[in-house]
K.L.:
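Encoded as structure tokens, here's the structure I'll be asking about.
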Amino acid sequence: MFGYYLDLAWRSLRRHKVLAALMMLAIALGIGASVTMLAVLHNLSGNPMPGRSDVLFHPQVDPRPADLPGAKDEPPDGLAYIDAVNLYQMGIAPRRAVMSSNWLPVRKDVPDSPLAMVTDRATTADFFAMFGVPFVYGSAWSEQDDANHAQVVVLSRAMNQQLFGGGNSVGKTLVIATKTFRVAGVVDDWNPQPRFYDLNGGAFAKPEQMYLPFFTWLDLPQDYGYGPMSCWGNDPNAGGHDPKAKQCTWAQFWVQLDTPAQVADYRAALAQYSVQQHQLGRFQRAPNVRLRGLLDWLDYKHVIPVTVRMQTWIAFGVLLICMVNTVGLMVAKFLRKSGEIGVRRALGASRRAVFLQCLVEAGVIGVAGGLLGLPMAWLGMWMVRQQPVSFAASAHFDPSMLIAALVLAVLSALLAGVWPALRASHVAPALQVKSL
């Protein structure tokens, strides 16, 4: 019976080509707009660390004065240097990484070679294993290198291409901020989106070009700051002169906790640390700590731009308008077939059969509209990628979005066809046959 309904739908669409084309175009426009923005929202709200996000956590403590004007209840995102070091040395988490970033001058270890300003990530050895950073050559430095303030560096693939032509550069040297560093490894292209581990430079920023041991990085001549700082007291710029200032938070800190028991133990240790610092007089506030998982952290920081959410709602508004127009066109089309429907009813077809026939025709229109909407969605995605916004480069389609486009098109057409099909199924056969 379904095949018979498909045949009837095909014949009907061929008889009313213009009307069918208008309905398909209306659905295609709505699908193109809505699926484009749905894909962008899907990209931005995706899991940047599949398979790892449930074991990565972001600790926070609150060293601010009790009477700090305008202070929110939530603790600062970053840590003061002393807290970063204390938590790093706590040793409870199987892996942990303290980090920050800035720009540093770099050149080849060759006389008269030109300088270039390069974005860097200062961190500790566990960063690479904890976040699953892939290597092309070599490996990360060791915890002993962190402790010894070793002058080693890990390059990005792009930086290695720029400096050493893309070959195996492990063991070679370069000059960073007047000091000579040895290349320990080269990482493959790696840039999780959103860039959860440091949202200060933008959730969809480009990846760093090199990685340095955190404590070695602190020893370098720094003319470009130590990353975004939040200071309080009489000298709001204290951290620009001394990153170890107790009244400035700036360091990011992440830990890996593999089991719920480890999470509970670390949360308790974090609270106990806050109590100890309160007793020592450093923390004026009552213990105010947080231990958010990766996805909870992204949700707390609202990494999806408000404009994207607004544009997504607008796009689905366009789809709704297109569906309303399709409803009107379907009503006109089905009622133009009143004579045909009346004859079918007079020959014994039930209202249910007429209703299903009309719904099948609406479904065919939806499939055709969805297929026509795919190129429009690709065009919409291309337009998004041309926008001067940080997340534009990360916008792309994946197979799930293409399937969603077809499913959404069919469902939209079926919903649009329900009322017209009901109207058609209630056509009085006697009146229609009499008028023939």
Side-chain angles (χ1 to χ4, degrees), residues 6 9 13 17-48 50 191-195 203-204 295 298-299 302-330 333 358-421:
L6 281 178
L13 293 175
K17 295 179 182 178
V18 175
L19 202 55
L22 287 174
M23 288 187 288
M24 293 175 189
L25 182 60
I27 291 176
L29 288 172
I31 292 300
S34 57
V35 170
T36 296
M37 293 312 303
L38 187 63
V40 173
L41 190 63
H42 174 72
N43 295 157
L44 302 189
S45 60
N47 186 344
N191 187 26
Q193 299 287 296
R195 194 175 69 170
F204 305 96
L295 297 181
L298 294 179
D299 184 59
H302 304 292
V303 298
I304 301 176
V306 175
T307 54
V308 171
R309 294 187 185 275
M310 180 181 67
Q311 290 169 359
T312 302
W313 283 111
I314 293 173
F316 275 92
V318 171
L319 176 61
L320 179 60
I321 293 172
C322 292
M323 285 180 60
V324 171
N325 289 330
T326 303
V327 169
L329 293 171
M330 283 188 180
K333 185 177 186 304
C358 293
L359 271 191
V360 169
E361 187 170 336
V364 171
I365 293 171
V367 170
L371 292 174
L372 183 60
L374 290 179
M376 295 186 179
W378 279 107
L379 177 61
M381 185 61 71
W382 178 83
M383 294 175 66
V384 169
R385 292 178 66 88
Q386 306 312 306
Q387 295 181 22
V389 291
S390 60
F391 61 82
S394 65
H396 67 277
F397 277 120
D398 56 41
S400 64
M401 288 296 101
L402 301 180
I403 296 172
L406 290 175
V407 171
L408 185 60
V410 173
L411 289 178
S412 299
L414 290 176
L415 287 174
V418 169
W419 186 61

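Computation of the quantities below employed the complete heavy-atom set of this structure, encompassing side-chain atoms and omitting hydrogens, waters and symmetry-equivalent molecules.
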K.L.:
Counting only pairs under 3.5 Å, give me each side-chain donor-acceptor contact of residues 363-371, with atom names and distances, residues two or more places apart or in other chains.
P.N.:
none

K.L.:
Taking side-chain contact (heavy atoms from CB on, under 4.5 Å) as the test, write out the residues that go with Val324, two or more places apart.
P.N.:
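Expected list: none.
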
K.L.:
Show me, pair by pair, the donor-acceptor contacts under 3.5 angstrom made by side chains of residues 30-41, not counting sequence neighbours?
P.N.:
unit_1: Ser34; atom_1: OG; unit_2: Gly30; atom_2: O; d: 2.8
unit_1: Ser34; atom_1: OG; unit_2: Ile31; atom_2: O; d: 3.4
unit_1: Thr36; atom_1: OG1; unit_2: Gly32; atom_2: O; d: 2.6
unit_1: Thr36; atom_1: OG1; unit_2: Ala377; atom_2: O; d: 3.2

K.L.:
Kindly compute the distance separating CG (Leu29) from CD1 (Ile321), expressed to the nearest 0.5 Å.
P.N.:
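So the CG of Leu29 and the CD1 of Ile321 are separated by 11.5 Å.
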
K.L.:
Within the 4.5 Å heavy-atom criterion, are Arg195 and Val303 side-chain neighbours or not?
P.N.:
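No; the side chains remain at least 4.5 Å from each other.
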
K.L.:
Can you name the side-chain contact (heavy atoms from CB on, under 4.5 Å) partners of Val327, sequence neighbours left out?
P.N.:
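Once residues adjacent in sequence are excluded, the partners of Val327 under the side-chain contact (heavy atoms from CB on, under 4.5 Å) criterion are Val331, Ala416, Trp419, Pro420.
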
K.L.:
Would you name the heavy atoms of Leu25 and Met376 that are closest together and state the gap between them?
P.N.:
CD1-CE, 3.8 Å

K.L.:
Could you tell me which non-hydrogen atom of Pro48 sits nearest to which non-hydrogen atom of Pro194, and how far apart they are?
P.N.:
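Taking every non-hydrogen atom into account, CB-O, 3.4 Å.
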
K.L.:
Within the structure provided, determine whether Leu379 and Pro375 are in side-chain contact (heavy-atom separation under 4.5 Å).
P.N.:
no

K.L.:
By side chain to side chain donor-acceptor pair (under 3.5 Å), which residues pair with Asn191, not counting sequence neighbours?
P.N.:
Gln193

K.L.:
Just jot down the side-chain contact (heavy atoms from CB on, under 4.5 Å) partners of Ile314, sequence neighbours excluded, or say none.
P.N.:
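Ile314: side-chain contact (heavy atoms from CB on, under 4.5 Å) contacts with Met310.
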
